[in-house]
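Whatever order the structure lists them in is the order used to number ligands and atoms, beginning at 1.
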Amino acid sequence: MKKYYITTPIYYANAAPHIGHAYTTVAADVLARFKRGRGVPTFLLTGTDEHGQKIEEAAKAAGKHAIDFCDLTSGKFRELFKHLDVTNDDFIRTTEKRHEDRAQELFARLLKSGDIYKGRYEGLYDVVNEAYVKASDAVVAKDGKTLLSPDSGKPLQTLAEDTYFFKLSAYGPRLLKHYQDNPGFLAPPHRAQEILRFVEGGLEDISVSRAKVKWGVPVPGDADHTIYVWFDALINYWSAAAGRDDLWPADVHIVGKEIFRFHSVIWPAMLMAAGLPLPKKVFAHGWWTVDGRKMSKSLGNFVDPYEITHEFGVDAFRYFLLREMPFGNDGDFSKASLTKRYNAELANDLGNLVSRVTEMVDKFIVGKLPAKPALEGDFHTAVVAKRSAEIAEKMEALDFHGALDVIWEVIRGLNSRVNEKAPWKLAKTDMKACELVLFDLVWSLRIVSGWLEPFMPRKSAEMQMQLGVRRVPDALTAEDVLSGVSEHPGEIHKGPILFPRKIG
Ligand code: MSP
């Protein structure tokens with residue numbers, strides 16, 4: 001049976017991971033967890049991009065052999081994702097044989113079909129981005145003569161070399177037709193528009209090999225050239241599917257906006273040329289600035305995910321990443337905004353609610369909680385349960401921010417309900433009514449905990465432990481809760497504070 005196949009980009013193994021890398025992967029993990037929770041067999045792929053000049057030079061600067069250097073840096077990504085509770089099913093490295101074989105196989109196929117041909121490139125080259133640059137795109141430096149890369153801002157080299165070209169120019173019309181016939185293929189729409197305009201403007205053939213880069217996959221049949229790192233890297237998604245018939249095509253490639261073009265133009269054209277099925281969707285998310293500024297080496301303002309998780313916990317970090325800005329938009333990361341959301345939404349709205357409710361159950365309830373929620377009548381749980389479909393719809397559309405909006409609307413509603421119904425007063429006058437209100441709140445919170453699982457897997461499980469549904473580490477989904485699955489029904493106890501307040 002075909003699995004729902006989600007990918008993240010593969011990360012350059014030339015430096016330590018920062019919040020931007022954590023973002024793409026956590027978002028993909030949220031989607032994967034949501035899908036699995038709905039009973040959809042899911043496969044999440046992440047990994048590292050390890051070839052090319054940039055990596056070669058970084059290894060040299062570190063005084064290491066390229067592969068030793070990559071082992072080390074790739075390991076850092078792997079460790080971070082584990083730390084962030086990312087449930088990837090595979091971790092691919094482009095230096096693995098399984099990938100190199102597939103990269104060569106695809107390259108050879110395109111050579112054979114004539115989609116790749118040998119030619120000569122004479123022009124400007126951006127070493128930082130390992131990309132050819134059109135003379136008309138180059139930026140003239142302040143000295144009036146040095147030409148700078150429009151992307152990296154670094155001086156460009158002039159280069160003359162034999163190279164292999166991919167006939168991208170031939171695929172414009174087919175790509176445009178594909179975009180038109182498959183409206184969900186590129187998302188979000190405003191970024192899809194940019195791609196459309198770009199392709200409509202006409203495509204040029206692109207160089208897909210490098211003569212002077214040694215650290216790469218050799219071009220099949222021509223050991224003087226290696227495959228261009230981007231051409232090599234894109235193939236990873238297909239490499240991971242080698243030898244299995246339940247993965248390809250990918251269901252969604254999640255990528256950052258700056259690499260959307262590679263994934264929505266070049267990659268589909270490569271697949272068309274190879275006669276392979278295209279992914280179902282490519283989704284481009286936005287970028288984080290930090291305290292209003294772009295993260296950069298010169299500013300030294302890369303946010304280390306460990307620093308944040310040590311202070312706020314893994315779940316709060318995951319939550320913030322998906323809460324602060326709509327998926328697809330840009331946003332700003334700052335400790336002040338994290339602290340603010342943490343205190344207001346996690347400590348107050350959610351944590352405090354759970355602790356108030358469990359405390360009252362501890363104190364007032366002698367009877368046993370019913371094994372299944374009543375989903376009719378005056379029982380508020382019924383109203384809460386109805387929001388599941390809306391949340392699921394947003395999650396399916398990768399609108400994580402919108403899903404959290406709905407979840408928090410429900411949480412705030414539950415807080416108001418506690419105040420309105422005042423179970424502590426009822427406890428003095430009408431014990432039966434007090435019990436009913438509390439049961440109702442417990443059931444509603446159990447559902448909320450299920451919705452939160454993809455975002456905050458550990459806190460969701462902790463919540464469920466306190467709410468008497470689960471003792472084991474893995475949290476239940478909202479559907480599980482509603483179906484009445486529970487590990488130790490009825491035992492509700494106020495537990496440790498879920499989100500201790502932070503002093504901002
Ligand atoms: N190796 C290529 C991808 C090849 S995929 C076939 C690459 N790697 S990367 O390490 O530079 O970055 C990968 C991802 O990190 C991208 O999705 C990118 O958007 C994300 N981010 C890097 N910095 C970011 C921010 N400041 N904000 C949000 N995401 C950012 O590109």
Side-chain angles (χ1 to χ4, degrees), residues 6-29 45-55 58 70 73-74 76-78 80-81 84 86 91-95 99 102-103 106 128-131 151-152 191 208 216-217 227-240 250 252-268 270-271 279 282-297 299 301-305 308 317 320-322 324-334 398 400:
I6 308 169
T7 71
T8 75
I10 46 172
Y11 302 96
Y12 283 129
N14 63 342
H18 57 66
I19 174 192
H21 308 121
Y23 183 51
T24 316
T25 310
V26 166
D29 184 57
L45 176 72
T46 190
T48 41
D49 189 351
E50 306 187 6
H51 287 131
Q53 196 169 355
K54 204 161 30 180
I55 308 276
C70 289
T73 43
S74 174
K76 286 190 183 156
F77 281 91
R78 203 188 282 258
L80 173 67
F81 298 155
L84 295 176
V86 172
F91 186 101
I92 194 161
R93 302 180 53 185
T94 52
T95 49
H99 170 72
R102 289 282 255 200
L106 202 129
V128 180
N129 284 334
E130 301 187 39
D151 300 315
S152 70
R191 298 212 196 277
V208 292
V217 183
I227 300 177
Y228 171 49
V229 61
W230 261 104
F231 194 86
D232 161 359
L234 287 163
I235 298 170
N236 89 85
Y237 307 124
W238 184 58
S239 303
V252 55
H253 293 313
I254 300 182
V255 302
K257 62 177 183 180
E258 86 290 8
I259 57 174
F260 193 37
R261 211 183 264 187
F262 283 102
H263 285 84
S264 51
V265 180
I266 300 178
W267 177 227
M270 285 164 68
L271 290 166
V282 186
F283 192 105
H285 67 67
W287 267 50
W288 289 98
T289 49
V290 172
D291 298 318
R293 307 168 86 170
K294 198 173 169 204
M295 279 190 282
S296 75
K297 254 194 210 146
L299 287 174
N301 60 345
F302 290 101
V303 176
D304 174 3
I308 306 298
F317 178 58
F320 183 81
L321 289 180
L322 294 151
E324 181 69 1
M325 66 199 194
F327 201 55
N329 292 14
D330 295 327
D332 186 56
F333 186 93
S334 72
L398 282 77
F400 307 119

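For Thr94 (side chain) and Glu50 (main-chain N/O), a donor-acceptor pair under 3.5 Å exists by modelled atom type. His263 places no side-chain N or O within 3.5 Å of a backbone atom of Gly256 that could act as its donor or acceptor partner. At least one donor-acceptor pair under 3.5 Å links the side chain of Asp330 to the backbone N or O of Trp287.
For atom 13 (C) of ligand 1, the nearest non-hydrogen atom from the set Tyr11, Phe77, Tyr12 comes from Tyr11. Across the listed options Gly331, Gly256, Ala15, Ala22, Gly256 owns the non-hydrogen atom lying nearest to atom 17 (O) of ligand 1. The residue from Ile55, Thr289, Thr24 that puts a heavy atom closest to atom 20 (C) of ligand 1 is Thr24. Summarising the contacts of atom 5 (S) of ligand 1 with Phe333, Phe262, Trp287, Tyr237, the nearest heavy atom is found in Tyr237.
Ring planes of Tyr23 and His285: perpendicular class, angle over 60° (limits at 30 and 60°). Note on ring orientation: taking the six-membered ring where Trp is involved, the planes of His21 and Phe77 are perpendicular (angle over 60°, cut-offs 30° and 60°). Relative ring orientation between Phe333 and Trp288 is described as perpendicular, the plane-to-plane angle rising above 60° on a 0-90° scale split at 30° and 60°.
Interface atoms of ligand 1 facing Gly286, defined by a heavy-atom separation under 4.0 Å, are 28 (C). Within ligand 1, counting atoms from 1 as listed, the ones closer than 4.0 Å to a heavy atom of Gly20 are 15 (O), 20 (C), 21 (N), 23 (N), 24 (C), 25 (C), 27 (N), 28 (C), 29 (N), 30 (C). Residue His263 has at least one heavy-atom neighbour below 4.0 Å for each of these atoms of ligand 1: 5 (S), 6 (C). Every atom of ligand 1 with a heavy atom of His21 under 4.0 Å away is listed here by number and element: 10 (O), 12 (O), 15 (O). Every atom of ligand 1 with a heavy atom of Glu258 under 4.0 Å away is listed here by number and element: 16 (C), 18 (C), 19 (O). Close contacts of ligand 1 with His285, meaning ligand atoms under 4.0 Å from a residue heavy atom, involve 17 (O), 19 (O), 28 (C), 29 (N). Distances below 4.0 Å separate heavy atoms of Ala233 from the following atoms of ligand 1: 6 (C). Every atom of ligand 1 with a heavy atom of Asp49 under 4.0 Å away is listed here by number and element: 1 (N), 2 (C), 4 (C).
A cation-pi arrangement is not found for Arg191 relative to Phe260, the charged atom failing to lie both closer than 6.0 Å to the ring centre and inside a 45° cone about the ring normal.
Test Thr7, Ile10, Asp49, Thr48 against Ile92 for side-chain contact (heavy atoms from CB on, under 4.5 Å) and you get one pass: Ile10.
Here the protein heavy atom with the shortest distance to atom 3 (C) of ligand 1 is Ile10 O, 3.2 Å. Distance from atom 27 (N) of ligand 1 to its nearest protein heavy atom, with residue and atom name: Trp288 N, 2.9 Å. Scanning the protein for heavy atoms near atom 23 (N) of ligand 1, the closest one is His18 CE1, 3.3 Å.
Under 4.0 Å from ligand 1, the heavy atoms of Met295 that appear belong solely to its side chain.
Between Phe91 and Ser74, some side-chain heavy-atom pair lies under the 4.5 Å cut-off. Contact check for Leu106 versus Trp238: side-chain heavy atoms found under the 4.5 Å cut-off.
Close N/O approach between Ile259 and ligand 1 is not found [any backbone or side-chain N/O within under 3.5 Å].
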Item to check | side-chain contact (heavy atoms from CB on, under 4.5 Å) assessment of Asp332 paired with Glu324 | outcome: CA-CA 8 Å; Asp332 186 56; Glu324 181 69 1; over 6 Å; no
